[in-house]
Amino acid sequence: MSRRARELGALNLGQGFPDYAIDPRLTQLVGEAMAAGHNQYAPMEGVVELREGIAAKLEECYGAEADPLSQITITLGATEALFSAIHAIVRAGDEVITFDPAYDSYEPAVTLAGGRCIRIPLQPPRFRFDWDRVRDTLSERTRLVILNSPHNPACTVASPQDVQTLADLIRDRNVTVLSDEVYEHVVFDGRRHISVLSHPELAARSYAVFSFGKTLHATGVRVGYAVAPAALTQELRKVHQFNTFSIAHPFQQAVAVYMREKPEAWRNLSAFFAAKRDRLRAALSGSAFDVPPAEGTYFQLIDFSRVPGTAGASDEAVAERLLTEAGIATIPLSPFYETPPRLTVLRLCIAKKDETLDEAAKKLRTFAGAA
Ligand SMILES: Cc1ncc(COP(=O)(O)O)c(C=O)c1O
C-alpha cells in the first residue's frame with residue numbers, strides 16, 4: 001500500500017508510521033552519543049543504563065520487578081524481540097495460538113521455526129477474544145500463545161478479565177505466552193493497559209515485547225526490548241546473539257538519556273493520540289463512514305457499510321477504490337486473517353499531522369458523497 005500510495009501520489013494513512021518530526025532533543029542526543037564515542041558494539045544484551053531505565057519504568061507502570069541484567073534484552077525493534085522469542089520456544093511440530101487479525105510477522109517466524117499457527121478469529125464488529133475457542137484449541141502440542149494488546153489492527157484493548165482467563169486456561173499446561181505490547185502507552189478514555197507483567201502468574205511464563213519506535217514516534221530508530229524471567233531470557237539471547245547480536249549503540253545511549261530526561265514522552269502519549277483520534281472522528285461525523293470505537297493503538301477503523309456504491313464489496317476492493325479514486329491509502333483487515341469473515345472496515349493510521357488527518361477526512365467525505 002505504501003509503495004502504491006507513493007506511485008499514485010496518494011495520501012498514505014495505511015502503513016503505521018508518523019509523518020511529523022520527532023523531538024529535536026532525541027536527534028541531538030543521537031549526535032551527542034556519537035560524538036562521545038559510543039560507536040562500537042554495544043553489549044549483546046543492551047546498554048545497561050537503558051535496561052535500568054526500562055526496569056524503573058516497568059515498576060512505575062506495572063508494579064513489575066524486572067532485573068535489568070538478567071530479564072531485559074534490547075532488540076532490533078519489537079520485530080526482532082518477537083522473532084527471537086518465537087525461535088527460543090517453538091520447535092518442529094509445535095502449535096502456536098494466534099488471534100486473527102494477526103500482526104503479519106508472527107506466522108512467518110513460527111513457520112520458520114517449524115511450528116504451526118492455529119489462528120483463532122476475532123469476529124467483527126467488536127473483535128473480542130473467544131476464550132471458549134481457545135480452551136477447545138489448547139492441546140499437548142500447544143507451546144505458545146501470542147497475545148497483542150492494545151491490538152493492531154482491531155484497536156481493542158484486553159480487559160483484566162481477558163488476562164485472567166488466559167492465565168486460568170494455561171495454568172496446568174507447558175505453554176509460554178508472547179505478549180506484544182508495543183502500543184502499551186496508547187490507550188484511550190481512561191482505560192489502563194494490562195501488561196502480562198502486572199500479573200505475577202503470567203509474568204512467570206511470558207515474554208513481554210515493547211518498542212521505542214512507537215513510544216518515541218520514531219519507527220526508524222529500531223530499538224525495542226523483551227522482558228522475561230531469567231531462564232526464558234537466556235533462551236531468547238541465544239537466538240538474539242547470532243541473529244542481530246548487538247543493537248545500534250548511539251541510539252541506545254540516546255534513548256536511555258531521553259527516557260530519563262523526558263518521561264512525559266510516554267506519560268502523555270495517550271492524550272496526544274486521543275486528540276488525533278478525536279479530530280479524525282469529528283471530521284468524519286455526519287459522513288457515510290462510521291467510526292467504530294477505538295480503545296487504543298495509533299489506528300482508527302472506518303466502516304464503509306453505509307457508503308453508497310459499496311454494497312457487497314470486499315474490504316480490499318473498497319481500499320483499492322479509495323486508493324485509485326479518492327487518492328487515499330488505507331489498510332483492509334482481511335489480509336490479517338487466515339479465513340476472513342465479512343469485513344466492512346478499513347484501518348487508518350492516526351499518527352499523522354493534523355493537516356494530514358483533515359485532508360484524509362476531506363477525501364473520505366468526497367468519496368462518500370457527503371462533502
Ligand atoms: C502489533 C505490532 N507488533 C509489533 C510491531 C513491530 O514493532 P517494531 O517497529 O518496533 O519492530 C508493530 C509495528 O507496527 C505492531 O503494530
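Just follow the structure's listing: the first ligand is 1, and inside any ligand the first atom is 1. Quick note: residue numbers are just sequence positions, from 1.
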Salt bridge or not for Glu295 and Arg128, using N-O below 4.0 Å? yes
Output, or 'none' if empty, a list of ligand 1-protein atom pairs in which both atoms are N or O and the distance is under 3.5 Å, rounded to 0.1 Å.
unit_1	atom_1	unit_2	atom_2	d
ligand 1	3 (N)	Asp180	OD1	3.3
ligand 1	3 (N)	Asp180	OD2	2.6
ligand 1	9 (O)	Arg222	NH1	2.8
ligand 1	10 (O)	Ala78	N	2.8
ligand 1	10 (O)	Ser211	OG	2.6
ligand 1	11 (O)	Ala78	N	3.2
ligand 1	11 (O)	Thr79	N	2.9
ligand 1	11 (O)	Thr79	OG1	2.5
ligand 1	11 (O)	Arg222	NH1	3.3
ligand 1	11 (O)	Arg222	NH2	3.0
ligand 1	14 (O)	Lys214	NZ	2.7
ligand 1	16 (O)	Asn152	ND2	2.8
ligand 1	16 (O)	Tyr183	OH	2.8

Is the distance between the ring centroids of Phe272 and Tyr20 under 6.0 Å? yes
Hydrophobic cluster membership, with links at side-chain heavy-atom distances under 4.5 Å among I/L/V/M/F/W/Y: are Ile72 and Leu236 in one? no
Ring centre gap for His193 and Tyr62 strictly below 6.0 Å: yes
Electrostatic pair Asp136:Arg133 at N-O distance under 4.0 angstrom: no
Phe273/His217 aromatic ring centres below 6.0 Å: yes
